[in-house]
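On a predicted model such as this, the values are computed, not experimentally measured, just so you know. First the proteins, then the strands, lettered A, B, ... as listed; each starts at 1.
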Number of protein chains: 2
Amino acid sequence: MADDGDEAAKRPVTIYDVARAAGVAPSTVSRAFARPGRVNADTAARIRQVAAELGYRANPMAQALSTSRTKMIALMISDVTNPFYSELIRGAQLAASEAEYTVLLADARESDVVERLSLERVLPAVEGIVIGSSRMSDSSLRVIAKQKPTIVLNRDVAGLPSVVTDNPRGVRRAVEHLGELGHQQITYVAGPEASWADGARWRALREAGHELELHTRRVGPVPPTVVGGRGVVEKLLDNLPTAVLAYNDLVAIGLMRGLAAAGIDVPRDVSVIGFDNIMAAELVTPGLTTVAAPLRTMGVTAVKNLQAIINGALHRSEAAFVLPTRLVQRESTARARR
Amino acid sequence: MADDGDEAAKRPVTIYDVARAAGVAPSTVSRAFARPGRVNADTAARIRQVAAELGYRANPMAQALSTSRTKMIALMISDVTNPFYSELIRGAQLAASEAEYTVLLADARESDVVERLSLERVLPAVEGIVIGSSRMSDSSLRVIAKQKPTIVLNRDVAGLPSVVTDNPRGVRRAVEHLGELGHQQITYVAGPEASWADGARWRALREAGHELELHTRRVGPVPPTVVGGRGVVEKLLDNLPTAVLAYNDLVAIGLMRGLAAAGIDVPRDVSVIGFDNIMAAELVTPGLTTVAAPLRTMGVTAVKNLQAIINGALHRSEAAFVLPTRLVQRESTARARR
DNA sequence: CAACTCGTGGCAACGGGTTGCCACTCCCCC
DNA sequence: GGGGGAGTGGCAACCCGTTGCCACGAGTTG
């Protein structure tokens with residue numbers, strides 16, 4: 001008998017219990033918490049007191065049901081295992097919990113089908129959605145956005161608010177950097193064609209190259225992973241570039257490993273620049289020069305603005321937030337070989 | 001006017017709408033979905049038909065309120081930015097969505113206070129909790145576990161079900177490996193003292209060292225990060241070991257970088273072994289030899305068992321699931337210098 | 001033919017808060 | 001003394017499914 005400390009999972013305390021114990025109506029208890037000022041200060045204090053003693057905790061489901069505010073937002077990302085998202089998730093969490101929101105993480109596992117399905121599943125439970133690097137079509141995204149406030153991340157969908165990095169400026173800085181090192185030609189290793197960032201980066205590269213009078217070339221697309229980067233090396237070998245801009249850090253790292261395996265030295269023979277500045281960029285040898293994205297800030301910005309939309313402070317279709325990038329110079333870039 | 005395509009955020013369709021359209025009672029609609037077989041097959045078919053036409057979607061909050069099954073579980077982890085969790089999260093997601101559950105990711109940000117607070121916040125909304133590498137005390141964990149089904153991960157709390165890796169065997173393999181390479185002494189770089197895994201690993205190391213007649217030593221504790229690992233190098237310099245076992249891969253990587261900076265070659269001068277086999281372990285140079293944990297499987301196992309508890313198929317206090325580890329040999333270990 | 005069982009659908013209460021509206025008390029002011 | 005208003009608290013409806021219980025008709029059984 002003494003063993004069974006379960007105490008019979010007693011039902012949680014409700015406002016009715018509190019009301020009875022405090023000698024007021026349930027509605028008054030409700031207001032004491034939800035509408036401070038609406039009830040007499042003394043009464044409210046007493047109610048809080050009693051509530052604390054009883055261990056009252058509002059039932060979020062009940063709250064959500066009557067107010068239709070679930071205090072939850074969804075964060076949909078294309079692949080949880082991609083380190084790109086680590087800091088971003090943290091930023092989102094930070095901003096969300098500051099507003100007392102909970103984030104519901106959904107993982108598309110690289111598949112637009114999974115993405116749509118999970119979205120469908122979580123949609124009714126959340127007040128808004130942040131969709132990172134979606135694999136879905138613009139029109140599917142608009143369908144979603146019609147149902148709940150939505151912000152897209154790392155993508156630009158006409159009519160939907162978005163948070164993106166300043167790819168043009170970032171690419172520009174990378175190109176300038178390579179130009180200063182004497183490179184005359186830059187090869188871009190492309191990522192997924194469905195990726196908006198990919199298009200933006202290649203376009204920016206072409207423009208910057210044009211202006212600064214550097215020749216540009218494009219290979220790929222490759223999967224946005226280490227393996228993808230490694231696989232492209234072979235295509236580079238017959239006409240070895242002196243400088244490569246890779247779709248993202250993972251591709252850049254894969255590329256560096258592939259080059260090393262082929263006996264080509266980075267940065268002496270080839271300079272490599274990535275995008276994102278994930279943690280691994282600092283850990284590899286040589287350290288990867290990369291166009292850093294403000295990962296955490298992206299998460300924070302997305303959630304804050306989503307909240308603004310939810311609260312009606314921002315119109316749904318407004319604004320693209322462009323966050324600054326910055327070139328982090330490490331050891332993967334050097335003077336062009338001659 | 002034409003601009004405003006909002007169509008006045010029409011309230012979602014409820015069972016009442018469906019009931020009216022199908023000419024039945026709301027309860028029948030409810031049963032058509034929740035209790036197939038309880039209503040006539042023809043009626044049910046018609047209801048489904050109508051529901052589909054109207055685009056009916058059950059309101060999860062209302063469902064949760066009356067059944068007190070929210071179809072959500074919480075996954076609490078000590079630090080989202082730690083790559084250790086990436087695959088684990090994916091595994092948890094996988095297992096959860098298979099059972100039509102949604103996972104609510106909570107991040108303790110390395111703080112037991114944040115951990116407790118987030119736990120409090122999500123507790124009422126979920127049916128169960130997986131707590132990874134908790135920073136909280138055993139007793140706090142038991143308090144939580146008393147309120148909702150709980151599984152701890154990477155930790156062993158008396159009376160609570162847990163999922164852990166087979167540290168003794170993993171350490172044993174690592175020690176054997178080092179022994180074969182001629183090392184006679186192994187230094188352990190300790191992680192957080194609050195970490196159960198840390199204790200388990202050090203203990204296992206001592207035992208294995210004793211059996212295999214290798215001398216063991218312990219330095220630290222250090223924060224379980226790259227910076228932490230890097231910082232410990234200085235303490236190692238006066239009495240440079242030939243072999244180091246680090247608390248986890250991040251520490252091992254930091255250590256390797258620190259050693260390299262001090263002009264010490266890994267693996268020629270010092271062999272290094274980590275734990276977990278995070279992605280970066282493969283990317284660094286030299287590649288890190290490590291005791292691999294079945295990251296994804298851990299996530300899956302934890303969630304599956306949590307579900308078993310929720311469904312009453314498993315008693316709360318039962319069982320510790322011990323998952324196998326395996327030694328991944330890369331380039332950070334070599335014959336002992338003489 | 002009475003008594004019973006099944007199959008099926010409806011009624012109404014319930015879960016736990018929220019909120020519009022009304023009632024009552026006090027106070028103030030003319 | 002009467003009208004007006006501010007401050008408080010309660011009543012009851014509502015959010016949207018779920019489910020215990022009952023009713024009704026059809027089919028079965030003795």
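With dT8(D), dG17(C), dG15(C) as the candidates, the nucleotide lying closest to the side chain of A62(A) is dG17(C). With dC16(D), dC11(C), dG9(C) as the candidates, the nucleotide lying closest to the side chain of T28(B) is dG9(C). Side-chain proximity of N40(B) to dG9(C), dA12(C), dG16(C): nearest is dG9(C). Set against dG17(C), dG9(C), dG16(C), the side chain of V39(B) has dG9(C) as its closest nucleotide. Listed nucleotides dC21(D), dT18(D), dG10(D) differ in distance to R38(B); the shortest reach to its side chain belongs to dC21(D). Picking from dG15(C), dG17(C), dG17(D) the nucleotide with the shortest atom distance to the side chain of L65(A) gives dG15(C). Out of dT18(C), dG10(D), dT19(D), the shortest distance to the side chain of T67(B) is found at dT19(D). For R31(A), whose side chain is taken as the heavy atoms from C-beta onward, the closest listed nucleotide among dT18(C), dC11(C), dG20(C) is dG20(C).
In summary, the side chains of E115(B) and S78(B) do not present any donor paired with an acceptor at a separation below 3.5 Å, with no hydrogens or angles considered. In the model, S140(A) has a side-chain atom that pairs as donor or acceptor with a side-chain atom of S137(A) under 3.5 Å. With hydrogens and angles left out, the side-chain atoms of Y101(B) and R69(B) include a donor and acceptor closer than 3.5 Å. Using modelled atom types and a 3.5 Å distance limit, the side chains of Y56(B) and T14(B) yield no donor-acceptor pair. Residues S86(A) and Y85(B) bring no donor and acceptor atom of their side chains to less than 3.5 Å of each other.
S68(A) comes within 4.0 angstrom of no nucleic acid atom, judged by non-hydrogen atoms across all strands. Y56(A) comes within 4.0 angstrom of sugar-phosphate atoms only, judged by non-hydrogen atoms across all strands, and of no base. R35(B) comes within 4.0 angstrom of the backbone, heavy atoms only, and of no base. Across all strands, S27(A) comes closer than 4.0 Å to base atoms (heavy-atom distances). At the heavy-atom level, S30(A) lies under 4.0 Å from base atoms of the strands shown. When heavy atoms are screened at a 4.0 angstrom cut-off, V29(A) is found touching no nucleic acid atom at all. Across all strands shown, R69(B) has no heavy atoms under 4.0 Å from either base or sugar-phosphate atoms.
Between Q93(B) and I89(B) the shortest side-chain heavy-atom distance falls below 4.5 Å.
K71(A) places its NZ atom 15 Å from the C1' atom of dG17(C), with the value rounded to the nearest Å. Computed from coordinates, the Y16(B) OH to dA12(C) P distance equals 12 Å when rounded to whole Å. One atom, CD1 of I15(B), and another, P of dG10(C), lie 12 Å apart when rounded to the nearest Å. At whole-Å resolution of the value, CZ in R57(B) and P in dC15(D) are 21 Å apart.
Toward the 5' end of DNA chain C, the nearer of the two residues M61(B) and G37(B), judged by each one's closest nucleotide, is G37(B).
Under 4.0 angstrom from either OP1 or OP2 of dG16(C) there lies no side-chain N or O belonging to Q63(A). Dashed line: the shortest gap from a side-chain N or O of T43(B) to OP1 or OP2 of dG9(C) is under 4.0 Å.
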